[in-house]
Amino acid sequence: SQPEAVEGVAEKQSVIKAEKKELTSAEIERANSVMSRLIIIPELNRFARYAIRTNMADMLSNDKGPFIILAPSNAVIENLPLEKKKFYADQQNLPQLKELLKSHILEGKLVGSLLQAIQKDGKAKSKTLKGTPFTVTESDGKIVFTNEQGTVATVLKNAIKASNGPVFIIANLLSLP
């Protein structure tokens, strides 16, 4: 029985060496996606959790986009009325939560030409994934997004770059279904 014990010790001491592997360009893009930014930025992890719960994380990680994420900070989400928090926490209301997230995601190459359009025309226009039209302006040096209902989102933190678009941290929710 003693040789078995020695053999067991030797097995515990053996180390498996992992082979170093270069990341593919797709893996690098996914690691630098808007979804990865939402996850790693502490003040956006509630929005990231909502994206995961509604199965939007895969799209925000893997699709080329470009997407423009207007992410309300954790503080904004935490300040929702209790009944809204309970509503969005309920599994049966995931479709409404997904619509809320879609109202905070724009698709298209707005940012590259954003400043040019604002300087030229005073504004730029886009639509959310939900289909809501948006106007983008600049006020006192800050970017402001306004939806067709007149709800205004002031950017707290300018574009955080990602492989498939930027993430903006905004000061409020744009809609509550």
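Note that the numbering runs from 1 along the sequence shown for the chain. Note: hydrogens, waters and symmetry copies are ignored here, and every other heavy atom, side chains too, is used.
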Can you give me the closest heavy-atom contact between [X] and [Y], atom names plus distance?
{"X": "L173", "Y": "T151", "result": "O-CG2, 3.7 Å"}
{"X": "S103", "Y": "L100", "result": "OG-O, 2.6 Å"}
{"X": "A48", "Y": "M35", "result": "O-CE, 3.6 Å"}
{"X": "V34", "Y": "G165", "result": "CG1-O, 3.2 Å"}

With sequence neighbours excluded, tell me which residues meet side chain to side chain contact (heavy atoms under 4.5 Å, CB included) with [X].
{"X": "L156", "answer": "I169, A171"}
{"X": "R53", "answer": "Y50, Q91, L94, L97"}
{"X": "V144", "answer": "T137, S139, T146, V152, T154"}
{"X": "T128", "answer": "L106, K130, T132, F134"}

Under the side chain to side chain donor-acceptor pair (under 3.5 Å) test, residues paired with [X] that sit two or more places apart:
{"X": "N32", "value": "R37"}
{"X": "T135", "value": "K125"}
{"X": "N74", "value": "N45"}
{"X": "T24", "value": "E27"}

Of all residues at least two apart in sequence or in a different chain, which pass the salt bridge (charged side-chain N to carboxylate O under 4.0 Å, His left out) check with [X]?
{"X": "K98", "result": "none"}
{"X": "E22", "result": "none"}
{"X": "K157", "result": "E43"}

| message | For residues 60-69, which residue pairs pass the side chain to side chain donor-acceptor pair (under 3.5 Å) check, not counting sequence neighbours? | response | E29-K64, R30-N62, D58-N62
To the nearest 0.5 Å, what is the distance between [atom1] on [X] and [atom2] on [Y]?
{"X": "L38", "Y": "I52", "atom1": "CG", "atom2": "CD1", "answer": "9.0 Å"}
{"X": "M59", "Y": "T54", "atom1": "CE", "atom2": "OG1", "answer": "8.5 Å"}
{"X": "L129", "Y": "L101", "atom1": "CG", "atom2": "CG", "answer": "10.0 Å"}
{"X": "Q96", "Y": "Y88", "atom1": "CD", "atom2": "OH", "answer": "7.5 Å"}

| request: Report, as yes or no, whether the 6.0 Å neighbourhood of atom NZ on K85 holds more than 12 heavy atoms from other residues, nucleotides or ligands. | output: yes
| Take atom CD in Q92; do more than 12 heavy atoms of anything else shown fall under 6.0 Å from it? | no
Could you check if a side-chain atom of [X] sits within less than 4.5 angstrom of a side-chain atom of [Y], using non-hydrogen atoms only?
{"X": "K102", "Y": "M56", "answer": "yes"}
{"X": "I40", "Y": "L44", "answer": "no"}
{"X": "I143", "Y": "F145", "answer": "yes"}
{"X": "S33", "Y": "N164", "answer": "yes"}
{"X": "K161", "Y": "V167", "answer": "no"}

| request: Test I68 against F168 for side-chain contact (heavy atoms from CB on, under 4.5 Å), laying out the working first. | output: CA-CA 8 Å; I68 299 165; F168 291 92; 3.7 Å; yes
| field | N147 side-chain N/O to L174 backbone N/O, donor-acceptor pair under 3.5 Å | value | yes
